[in-house]
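Scroll down for the structure; my scribbles are underneath it.
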Number of protein chains: 2
Amino acid sequence: MAKSLLDQHQLQAVAKLFELLAEPTRLDILQNLKKAPLSVGQIVAATNAKQSNISKQLGILYDAGLLKRERQGNLIFYSIADPMIFDLCALVCGKLRKDAESQLALIRSLGK
Amino acid sequence: MAKSLLDQHQLQAVAKLFELLAEPTRLDILQNLKKAPLSVGQIVAATNAKQSNISKQLGILYDAGLLKRERQGNLIFYSIADPMIFDLCALVCGKLRKDAESQLALIRSLGK
DNA sequence: GCATAATATTGCTTATTAGTAATATTGTCA
DNA sequence: TGACAATATTACTAATAAGCAATATTATGC
């Protein structure tokens, strides 16, 4: 394989997936679902977003295939469809932490 | 550590980073810089975006700390500041490929 | 069937941003 | 210094999306 650059269409697909993770509210939903499935009401309670917004964001994540859902009586439980997203988030969190640490080290060295 | 959920501020920082990778043009720039630093003109030639747009997106990636830059005479060379982003993209690409494959397998099994 | 609870949808406003053409800046060379 | 090439900036338009209040849907228990 020579160059292996993604074409326009593939880049769009990758961008689309990143876009899903580019909103604090959706990230909040995902991290709350990490341990176990939750009903919509539980997610609303765990975050500080309105019910209509949570429902909308859940729909977006579900339509994209990142979440599964299952009805249990009156409640609808959402769960993570592909735990890979946590690997993504872990990478990002690791980078942010490392960046913050080296920033701190720089400030400390200047203060001497 | 008990829950270790990210707070609002941290979620925003994570979202911000994903947002940078949520645009096809910026992804295109990044993948072109993977092998070696390139001047702005070279990037414009490698992608199919206008100069002003490339310059703008380069500025965004640079301001965010994802790119470094160095002037060499009349040219300005940009390069990747943190190769971790390629790990992120590899994860996403892997997921998309796997999803596509299982989708294909499903279609094939239905065709029998 | 009716009242109620849980979730989804709709219509709307507001904010953000990609992309562009035109112009400004910066550096090089003669 | 002046002409030219490379890059950055500006002002603008158009499209997208988050968030909200209000309303609609769906399921439960009486």
Side-chain angles (χ1 to χ4, degrees), chain A residues 6 8-33 36-79, chain B residues 8-9 11-33 36-79:
Chain A
L6 303 182
Q8 293 280 103
H9 194 260
Q10 292 167 321
L11 288 175
Q12 230 168 347
V14 174
K16 208 87 178 171
L17 218 161
F18 279 127
E19 180 71 43
L20 291 168
L21 304 175
E23 283 296 329
T25 302
R26 286 196 287 269
L27 290 175
D28 205 0
I29 290 174
L30 292 172
Q31 75 171 348
N32 275 288
L33 290 176
L38 294 176
S39 71
V40 178
Q42 289 174 317
I43 297 170
V44 172
T47 62
N48 46 5
K50 306 291 180 192
Q51 180 267 328
S52 61
N53 193 26
I54 290 294
S55 193
K56 184 200 234 174
Q57 303 308 330
L58 285 172
I60 291 172
L61 292 170
Y62 175 79
D63 289 343
L66 291 195
L67 295 185
K68 294 180 290 189
R69 73 179 154 203
E70 183 190 1
R71 172 150 235 150
Q72 279 184 26
N74 226 356
L75 306 179
I76 297 184
F77 284 85
Y78 282 86
S79 58
Chain B
Q8 293 280 102
H9 194 260
L11 288 176
Q12 231 169 347
V14 175
K16 208 88 178 170
L17 218 161
F18 279 127
E19 180 71 43
L20 292 169
L21 303 176
E23 283 297 327
T25 302
R26 286 197 286 270
L27 290 175
D28 205 1
I29 291 173
L30 291 172
Q31 75 172 347
N32 275 287
L33 289 177
L38 294 176
S39 71
V40 178
Q42 289 173 316
I43 297 171
V44 172
T47 63
N48 47 3
K50 306 288 181 193
Q51 180 267 328
S52 61
N53 193 26
I54 290 295
S55 193
K56 184 201 234 175
Q57 304 307 330
L58 284 171
I60 291 172
L61 292 170
Y62 175 78
D63 289 344
L66 292 195
L67 295 185
K68 294 179 290 187
R69 74 177 154 205
E70 184 191 359
R71 173 151 234 147
Q72 280 184 26
N74 226 359
L75 305 179
I76 297 184
F77 284 85
Y78 281 85
S79 57

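Chain A is the first sequence line, chain B the second, and so forth, proteins listed ahead of strands; every chain is numbered from 1. Keep in mind that the numbers below use all heavy atoms, side chains included, and drop hydrogens, waters and symmetry copies.
The two atoms that bring Ala49(A) and Thr25(A) nearest to each other are CB-CG2, 4.3 Å, heavy atoms only. Arg26(A) and Leu20(A) make their closest contact through NE-O, 2.9 Å (heavy atoms, listed as atom of the first residue, atom of the second, distance). A pairwise comparison of heavy atoms in Leu75(A) and Ser39(A) identifies CB-CB, 4.3 Å as the closest pair.
Contacts between chain B and DNA chain D, taken as any atom within less than 4.0 angstrom of a protein heavy atom, begin and end at dA5(D) to dT9(D).
Proximity of Ile60(A) to Glu23(A): side-chain heavy atoms (C-beta onward) are nowhere separated by under 4.5 Å. Using a 4.5 Å cut-off on side-chain heavy atoms (C-beta onward), Ile43(A) and Leu33(A) make contact. Side-chain contact between Leu30(A) and Leu67(A): present, with at least one pair of heavy atoms (C-beta onward) separated by less than 4.5 Å.
Between the side chain of Ser55(A) and the backbone N or O of Gln51(A) there is no donor-acceptor pair closer than 3.5 Å. The backbone N or O of Pro24(B) lies less than 3.5 Å from no partner atom in the side chain of Asp28(B), so there is not a single donor-acceptor pair. Looking at Gln31(B), its side chain does come within 3.5 Å of a backbone N or O of Leu6(A) through a donor-acceptor pair. In terms of modelled atom types and a separation under 3.5 Å, the side chain of Arg69(A) and the main chain of Gly59(A) share no donor-acceptor contact.
Where Lys16(A) and Lys50(A) each meet DNA chain D at their nearest nucleotide, the meeting point lying more 5' is that of Lys16(A).
Looking at residues two or more places apart in sequence or on another chain, you find no side chain to side chain donor-acceptor pair (under 3.5 Å) involving Ser52(A). Every residue two or more places apart in sequence or in another chain was checked for a side chain to side chain donor-acceptor pair (under 3.5 Å) with Arg71(B), and none qualifies.
Taking five base pairs at each end of the helix from dG1(C)-dC30(D) to dA30(C)-dT1(D), the local helix axes there meet at an angle of 20°, rounded to 10°.
For the segment residues 20-29 of chain A, the set of residues with a heavy atom within less than 4.0 Å of an atom of DNA chain C is empty.
Looking at heavy-atom distances under 4.0 Å, Ile43(B) makes no contact with the nucleic acid at all.
Separating the CG atom in Leu11(B) from the CD1 atom in Ile29(A) is a distance of 11.0 Å, to the nearest 0.5 Å.
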Q. Nucleotide by nucleotide, 5' to 3', does protein get under 4.0 Å of the base (B), only the sugar-phosphate (S), or neither (-) in nucleotides 6-14 of chain C, counting heavy atoms?
A. SBBB-----

